**Student:** 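Below is a structure I'd like to ask you about.
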Amino acid sequence: MRIGVLTSGGDAPGMNAAIRAVVRTGIASGDQVFGISDGYRGLVEGKIQEFSRKDVSEILNSGGTILGTARLPEFKYEQVRGLAIKQLEKHDIEALICIGGDGTYTGALRLHEAGIKTIGIPGTIDNDIASTDYTIGFSTALNTACDAIDKLRDTSSSHQRCSIIEVMGRNCPDLALYSGICCGAEYIITNETGLDKEKLLESLKNDRLNGRRHAIIVISENITDVYSLAKEVEAYSGYECRATVLGYIQRGGTPTPEDRLLAARLGKYSVDLLHEGITGVAVGVIKNELHYTPIEEALKMVNSPNVELNKLVQKIS
Ligand code: ADP
């Protein structure tokens with residue numbers, strides 16, 4: 001087969017490991033694999049080149065994506081997708097493996113509907129794709145968040161301060177929930193818990209009166225303005241309070257072994273599925289087993305609530 005591979009949307013550590021696995025599995029199976037630069041934008045512009053085994057050497061442990069990623073909102077227009085299909089035809093590429101998040105999946109679905117054989121690989125630090133237990137990049141972002149929160153804890157404790165730390169996740173609570181548990185945050189606020197500001201302020205005030213030296217609050221992005229919240233905490237609770245938005249630092253870094261392993265497994269699996277004639281699907285792992293789900297269905301699925309972990313937080317934070 002002649003297979004194209006691209007990365008699209010937000011970058012995530014481990015995307016390179018997935019590209020490597022696709023290229024090497026393809027070549028080992030007798031395929032030709034083409035790297036497409038800068039996501040759907042590069043596809044439309046014809047930024048396509050054949051990859052050898054050697055072209056993906058030395059990338060396994062590097063963050064980001066050697067293919068580059070870009071956003072092309074106009075890909076929702078059939079006319080623009082037509083240009084992409086023309087490029088695929090020009091290079092005689094019959095199948096496309098798209099690594100990214102749900103926007104990338106939507107683009108892949110539209111191409112599938114137009115007759116291109118597509119596979120979606122979940123690459124996003126947010127862990128917000130319900131057709132897999134874990135997305136490529138989540139483990140590394142979790143490590144980065146934990147490292148930052150541990151460091152902020154040191155200084156919070158020395159200064160008897162409350163630290164509010166905003167982590168990414170788009171609308172998925174996992175990065176905040178997991179990092180909050182791993183770092184022993186006193187409060188974890190996500191879209192599952194909601195923010196009860198009055199209760200939080202009262203509780204912090206009581207903590208302070210009881211002689212607690214510091215408080216760590218881990219909060220998901222898109223919940224509230226954390227800088228304003230820090231001012232309110234300072235005014236009400238008796239703690240000095242600082243807000244830190246971890247931001248794009250969470251997107252970078254050397255991928256963890258978990259992300260590399262997941263990327264390698266999903267990259268190989270995608271090529272295997274193409275050979276079996278299974279396309280228009282998103283791959284993932286569920287209970288550590290490889291799974292595929294029609295992309296259309298994957299896009300409709302919602303993550304199940306973190307019932308067990310939320311109960312755990314109530315007991316130990
Ligand atoms: P992610 O894949 O990480 O969710 P985006 O939402 O930015 O990132 O989507 C990545 C790209 O996928 C977009 O720039 C666009 O090219 C394509 N895409 C997103 N939504 C659609 C859509 N409704 N139809 C076709 N293509 C889309």
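All values derive from a computational prediction rather than experimental measurement. Atoms within a ligand are numbered from 1 in the order they appear, just like the ligands themselves.
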**Student:** Strictly under 4.0 angstrom, heavy-atom based: which residues surround ligand 1?
**Tutor:** S8, G9, G10, Y40, R71, L72, F75, K76, G101, D102, G103, T104, T106, G107, R170
**Student:** Answer yes or no: is there an ion pair linking E45 with K47, defined by an N-O contact shorter than 4.0 Å?
**Tutor:** yes
**Student:** Can you give me the closest heavy-atom contact between L246 and A148, atom names plus distance?
**Tutor:** CD2-CB, 3.7 Å
**Student:** Taking only Lys NZ, Arg NE, NH1 and NH2, and the carboxylate oxygens of Asp or Glu, determine whether E78 and R81 approach each other closer than 4.0 Å.
**Tutor:** no
**Student:** What heavy-atom pair brings K205 and Y236 nearest, and what distance separates the two atoms?
**Tutor:** CD-CE2, 3.6 Å
**Student:** For the residue pair I136 and A263, what are the closest heavy atoms and their distance?
**Tutor:** CD1-CA, 3.6 Å
**Student:** Parallel, tilted or perpendicular for Y292 and Y269, by the 30°/60° rule?
**Tutor:** tilted
